[in-house]
Protein chains: 2
Amino acid sequence: MLSAACKDSIRAMIYIAKLQKEGYREKFVSIHKIAKDLGLSFYFLSKNFQKLVKAGLLESHRGPQGGVRLLKRPSEIRLIDIVEVIDGMEFFNNCILGFEECSDQNPCTIHNLWAEKREEIYSMFSSTTLEDAIKNIDKFSNVKV
Amino acid sequence: MLSAACKDSIRAMIYIAKLQKEGYREKFVSIHKIAKDLGLSFYFLSKNFQKLVKAGLLESHRGPQGGVRLLKRPSEIRLIDIVEVIDGMEFFNNCILGFEECSDQNPCTIHNLWAEKREEIYSMFSSTTLEDAIKNIDKFSNVKV
DNA sequence: AGGATTTAAGAGTATTTTATCCTAAATATA
DNA sequence: TATATTTAGGATAAAATACTCTTAAATCCT
């Protein structure tokens, strides 16, 4: 459901939020360090981060001591914001069977079932913030970031 | 979430179920007709159908008056059966952030939220049969098959 | 000013998914 | 038996996605 680019980006954003105790506008974290610590590809991650920077979720800074940092508090960045920037909202807008014109008025055979689930998934991603995610890191002993 | 191959296959299976009034072991329906009626690629559909035949969801027959037909009643074929054959169960088994080792005991930061949704989606696909899907065709006026 | 560090941007490559084509095999029917 | 019909299976092509590389630009530090 989420692209590889989106999975990486969410993990990385949670990681940045975790590193920045105050939450945002802390020191910049280098993309190299993030990729290394999370076991992700530096090339792929930095490419994907460019979108998050353009979208105003991240601020970047070049040169020594440069890197990226959050532009908002972790409590103000929702997972859906990241999904929207990296993957777009097609998943939440499109019919599960691929019909262009599927809608409540003009449903496909499983529209009613799926529309409900899709709405719940949307709710989940839009009600979960980076802060919620990092809370689980403290709450559970072995949480993977 | 579902691949194009899987969307096509589900639509086609619903269409076959709808055509076969008794439900299964009726006359064979040619793949050409299915593809034409649903606006799908004949080549792509027949390729994907090969998997459904091997998996025992469809029976095929070559030659004139040949085609495919259901091997079970529409009430006995669940959407999840089709998904499993075409796309596999990775979606339902894998961590949404891509962690190999993510589990209830060893969760990622959003494991608890996602595991619940994923389970509900699984429920939806495993409790919906072809018969349920075709019921909606009669129930709603403009349903898309 | 010069060199080291770090992201930006675009080009390039690889892999996967989607889609098509061709030939063979099966089989109904004339 | 010959022919037309229809799926099977392998090969290929195109498109989308994933991933890498190279060079440029910014900026810190000495």
Side-chain angles (χ1 to χ4, degrees), chain A residues 1-13 16 27-71 83 85-88 90-91 94 97-98, chain B residues 1-13 16 19 26-71 83 85-88 90-91 94 97-98:
Chain A
M1 174 206 161
L2 300 180
S3 68
C6 195
K7 291 176 188 182
D8 285 6
S9 298
I10 290 175
R11 287 185 58 197
M13 288 291 277
I16 297 167
K27 283 196 303 184
F28 290 99
V29 190
S30 88
I31 300 176
H32 213 91
K33 173 181 167 54
I34 300 169
K36 184 168 150 281
D37 289 355
L38 298 182
L40 303 174
S41 150
F42 162 75
Y43 292 128
F44 196 45
L45 187 62
S46 52
K47 185 105 304 224
N48 296 136
F49 268 0
Q50 292 178 13
K51 291 187 188 170
L52 296 173
V53 170
K54 277 190 184 156
L57 295 183
L58 282 179
E59 182 178 14
S60 69
H61 192 74
R62 302 188 202 194
Q65 317 309 318
V68 293
R69 66 183 178 190
L70 303 182
L71 255 175
V83 173
V85 170
I86 304 292
D87 281 353
E90 287 73 19
F91 177 81
N94 291 358
L97 295 184
Chain B
M1 173 207 161
L2 300 179
S3 68
C6 196
K7 291 176 189 181
D8 286 5
S9 299
I10 290 175
R11 287 186 57 198
M13 288 291 277
I16 297 168
L19 274 189
E26 298 276 327
K27 282 197 302 184
F28 292 99
V29 190
S30 88
I31 300 176
H32 212 92
K33 172 180 167 55
I34 300 169
K36 184 168 149 282
D37 289 355
L38 298 183
L40 303 175
S41 150
F42 163 74
Y43 294 126
F44 195 46
L45 187 61
S46 53
K47 188 111 295 234
N48 295 137
F49 268 2
Q50 292 178 14
K51 290 186 191 172
L52 296 173
V53 170
K54 276 191 183 157
L57 296 183
L58 282 180
E59 182 179 13
S60 68
H61 191 75
R62 301 188 203 193
Q65 316 310 318
V68 293
R69 66 183 179 191
L70 303 183
L71 256 174
V83 173
V85 170
I86 305 294
D87 281 353
E90 288 72 19
F91 176 82
N94 291 359
L97 294 184

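By convention in this document, chain letters (A, B, ...) are assigned in the order of the sequence lines, proteins followed by strands, and residues within each chain are numbered from 1.
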Generate the contact string for nucleotides 10-15 of chain D. Rules: B means base contact, S means sugar-phosphate contact only, - means no protein heavy atom under 4.0 Å.
B-----
Among pairs that include at least one residue of residues 43-59 of chain A, which meet side chain to side chain donor-acceptor pair (under 3.5 Å), considering only residues two or more places apart or in two chains?
A:Glu59-A:Arg69
Please check if the side chain of A:Asp87 supplies one atom and the backbone of A:Ser3 the other of a donor-acceptor pair under 3.5 Å.
yes
To the nearest Å, give me how far apart CD (B:Glu59) and P (C:dT27) are.
11 Å
Nearest to the side chain of A:Ser30 - D:dC19, C:dT7, C:dA8?
C:dT7
Could you check whether A:Gly63 gets within reach of a base, just the sugar-phosphate, or nothing at all, counting any heavy atom under 4.0 Å?
base
Would a distance-only check, ignoring hydrogens and angles, find a side-chain to backbone donor-acceptor pair under 3.5 Å from A:Asp8 to A:Leu45?
no
Once you round to the nearest 0.5 Å, how far does CG of B:Leu57 lie from CG of B:Leu70?
9.0 Å
Measure from CG on A:Asn48 to P on D:dT20 and round the result to the nearest Å.
12 Å
Interatomic distance, B:Met13 atom CE to B:Ile34 atom CD1 [nearest 0.5 angstrom]:
9.5 Å
Parallel, tilted or perpendicular, as decided by the 30° and 60° cut-offs, for the rings of A:His32 and A:Phe42:
tilted
Side-chain N or O of A:Ser60 less than 4.0 angstrom from OP1 or OP2 on C:dA8?
yes
Measure from NE2 on A:His61 to P on D:dA26 and round the result to the nearest Å.
12 Å
It should be established whether B:Ser41 places a side-chain nitrogen or oxygen under 4.0 Å from OP1 or OP2 of nucleotide C:dT20.
yes
Please figure out whether A:Tyr43 or B:Arg62 has its closest DNA chain D nucleotide nearer the 5' end.
B:Arg62
As a test of reading the structure: which of C:dA28, C:dA19, D:dA18 is closest to the side chain of A:Phe44, going by heavy atoms?
D:dA18
